[in-house]
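Data first, discussion second: the structure below is written as C-alpha cells.
Letters A, B, ... mirror the listed sequences (proteins, then strands); counts begin at 1.
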Protein chains: 2
Amino acid sequence: MNIGSAARATDLPRKTIRYYEEIGLVRPARADNGYRDYCDTDVHRLRFVQRARSLGFSIEECRMLLSLYDDEHRASADVKALTLEKIGQIDRKLDELKSLRATLSRLADTCQGDGRPDCPIISDLART
Amino acid sequence: MNIGSAARATDLPRKTIRYYEEIGLVRPARADNGYRDYCDTDVHRLRFVQRARSLGFSIEECRMLLSLYDDEHRASADVKALTLEKIGQIDRKLDELKSLRATLSRLADTCQGDGRPDCPIISDLART
DNA sequence: TTTACGCCTTCCATCGGCGGGAAGGTCAAG
DNA sequence: CTTGACCTTCCCGCCGATGGAAGGCGTAAA
C-alpha cells in the first residue's frame, strides 16, 4: 500500500506520515521502486497514533503508548498512569485558561467600548 | 540602559528582548559602542508587551495593542473588540479541552489499572 | 600591563508538528 | 509517446522563543 492509500486509510496527511517515519514512529517497508509500502499493521499503528494525537497525547507519549501496545506483558496501570497524567495536564491548562478568561473578562467589562480613547484595558497593560 | 538592566526591569530574558527588536516590536537606540540603549519608554513598552503576552495575546496582537496604545485617537471599542475576540478564542479552547478531558476520563474509569495487560484505553486507541 | 571577569554583539541551530513547494523518478491509461 | 497522477528527497517556513559559539567592550585588581 502506497503512502497515498495509507493517508486515505488513516485520515492523516502524507506529510505527517512521512514525518512519523522520519522520527521513527511508524516505519514502513520499501518497495523495489523506493516507494514506501504500508502493511496492515503499519496502517493500524498510524491510526492508533492518529487517535492518540487527537486525544492530546504528544508525539513522545504516542511513542510510549505504541510500545505499551506492543508489549504483551504490559501492565494496564502504566497506560492508566499516562492517561491520568494527561488529564492532570489538561486540568492545569484549564485552570490557567479560566484565570486568563476571568482577567480579560473583568478588563472588558470596565471598558466602555465606544469611540473615545479612554480605555482601562490599555491603562492596565501600561500600568507602571 | 543596557539590555541586561532592561531585562531585570521588565522581567524578560535578554534573548526575548532581542527577539522583540528583531521582529520590530520594541526598537531601542544604540550607544556608540553598539550596545542597545533602552530608554524609559522602551522599558515601558517592553513591560506592556510582557503583560499582554502573559494575558495570552499573540505577538501580532501585542503589536496591534502597542499601536493602539500609541494612537491618541484610538477608539476604546477597538481594544475591547480585540479583548473579546481573545476571550472567544479562550472559550473555544476551553470547550475543546473539556471534551478531551471527558473522553480521557471515561477511558481511565473503565481501566482497572492493575498489573494485567488488558487495557480498554489501548483497545480503544487500537480499535479498527 | 596584563589578566580576569562580566557584559555586550552577531550569527546559527534547535524545539514541536508539521505544511508548502521545487526538482525529478515511476507507473498506468489512452 | 504523452499525459497526469503518484511517488521520492530536499530545503524553507511557521511561532515564540532559547541555547550556544565566537568575538568585542568595560572595568577593576594584581
Side-chain angles (χ1 to χ4, degrees), chain A residues 1-39 42-43 45-66 86 89-90 93 96-97 100, chain B residues 1-39 42-43 45-66 85-86 89-90 93 96 100:
Chain A
M1 188 188 256
N2 283 344
I3 196 172
S5 315
R8 278 184 293 277
T10 59
D11 207 31
L12 282 170
R14 271 169 292 245
K15 282 281 188 183
T16 302
I17 297 181
R18 278 193 276 259
Y19 174 66
Y20 288 169
E21 179 186 5
E22 191 189 326
I23 61 172
L25 213 51
V26 178
R27 291 187 170 131
R30 293 289 178 139
D32 290 345
N33 56 11
Y35 286 14
R36 289 170 181 79
D37 186 13
Y38 292 86
C39 68
D42 294 329
V43 170
R45 293 167 67 85
L46 282 173
R47 245 189 327 240
F48 182 101
V49 172
Q50 192 271 330
R51 286 198 190 103
R53 291 286 297 131
S54 77
L55 285 176
F57 288 97
S58 71
I59 295 281
E60 285 317 305
E61 286 162 342
C62 289
R63 201 189 296 278
M64 289 183 59
L65 286 169
L66 272 180
K86 206 70 215 171
Q89 287 175 25
I90 291 177
K93 191 70 190 170
E96 192 187 341
L97 285 178
L100 279 180
Chain B
M1 189 187 255
N2 283 344
I3 196 173
S5 315
R8 278 183 293 276
T10 58
D11 208 31
L12 282 170
R14 272 169 291 242
K15 282 283 188 184
T16 302
I17 297 181
R18 283 193 200 102
Y19 174 67
Y20 287 170
E21 180 185 5
E22 191 188 327
I23 61 173
L25 213 52
V26 178
R27 292 188 169 132
R30 293 289 179 140
D32 290 345
N33 56 11
Y35 287 14
R36 288 168 180 82
D37 187 12
Y38 291 87
C39 69
D42 294 330
V43 169
R45 292 166 68 85
L46 282 173
R47 247 188 327 241
F48 183 101
V49 172
Q50 193 270 326
R51 285 198 191 102
R53 289 288 294 131
S54 76
L55 286 176
F57 288 98
S58 73
I59 294 282
E60 285 318 303
E61 285 162 342
C62 288
R63 201 189 297 278
M64 290 182 60
L65 285 169
L66 272 180
E85 166 57 24
K86 207 69 217 171
Q89 287 175 23
I90 291 177
K93 190 71 191 169
E96 191 187 341
L100 280 180

Would you please confirm or rule out a distance under 4.0 Å between OP1 or OP2 of C:dC18 and any side-chain N or O of A:Arg53? yes
Minimal heavy-atom distance between A:Leu100 and B:Ser54, with the atoms involved, is CD2-O, 3.3 Å
Does the B:Thr10 side chain pair with the main chain of B:Ala6, one donor and one acceptor, at a distance under 3.5 Å? yes
Hey, are the side chains of B:Gln50 and B:Arg45 touching, using non-hydrogen atoms and a 4.5 Å cut-off? no
Within residues 19-37 of chain A, those residues having any heavy atom closer than 4.0 Å to DNA chain D are A:Arg30, A:Gly34, A:Tyr35, A:Arg36
Find the distance A:Met1:CE to C:dC27:P and express it as a whole number of Å. 18 Å
Within the side chain of B:Lys86, is there an N or O that forms a donor-acceptor pair under 3.5 Å with the backbone of B:Phe57? no
Least distance between heavy atoms, B:Asp42 atom then B:Val26 atom: O-CG1, 3.9 Å
B:Met1 backbone acceptor or donor facing B:Asp37 side chain under 3.5 Å: yes
Please answer whether the main-chain N or O of A:Lys93 pairs with a side-chain N or O of A:Glu96 as donor and acceptor at a distance below 3.5 Å. no
Please give, in whole Å, the distance from C:dG17 C1' to A:Leu46 CG? 15 Å
Between A:Phe57 (CZ) and C:dG16 (P), how many Å, whole number? 18 Å
Regarding A:Glu21 and A:Arg30, does a basic nitrogen lie under 4.0 Å from an acidic carboxylate oxygen? yes
Could you tell me the separation between the CZ atom of B:Arg18 and the P atom of C:dC12, rounded to a whole number of Å? 16 Å
Show, in sequence, the C-alpha distance, side-chain angles and deciding distance for A:Arg36 and A:Tyr38, and conclude whether the side-chain contact (heavy atoms from CB on, under 4.5 Å) test is met. CA-CA 6 Å; A:Arg36 289 170 181 79; A:Tyr38 292 86; 3.3 Å; yes
Of all nucleotides in DNA chain D with an atom under 4.0 Å from a non-hydrogen atom of chain B, which is the first and which the last going 5' to 3'? D:dG16 to D:dG26
Closer than 3.5 angstrom, by distance alone: can the side chain of B:Arg63 be matched with the main-chain N or O of B:Ile23 as a donor-acceptor pair? yes
For DNA chain D, which residues in residues 5-17 of chain A have a heavy atom at a distance below 4.0 Å? A:Arg14, A:Lys15
Side chain A:Asn33, main chain A:Tyr35, donor-acceptor under 3.5 Å: yes
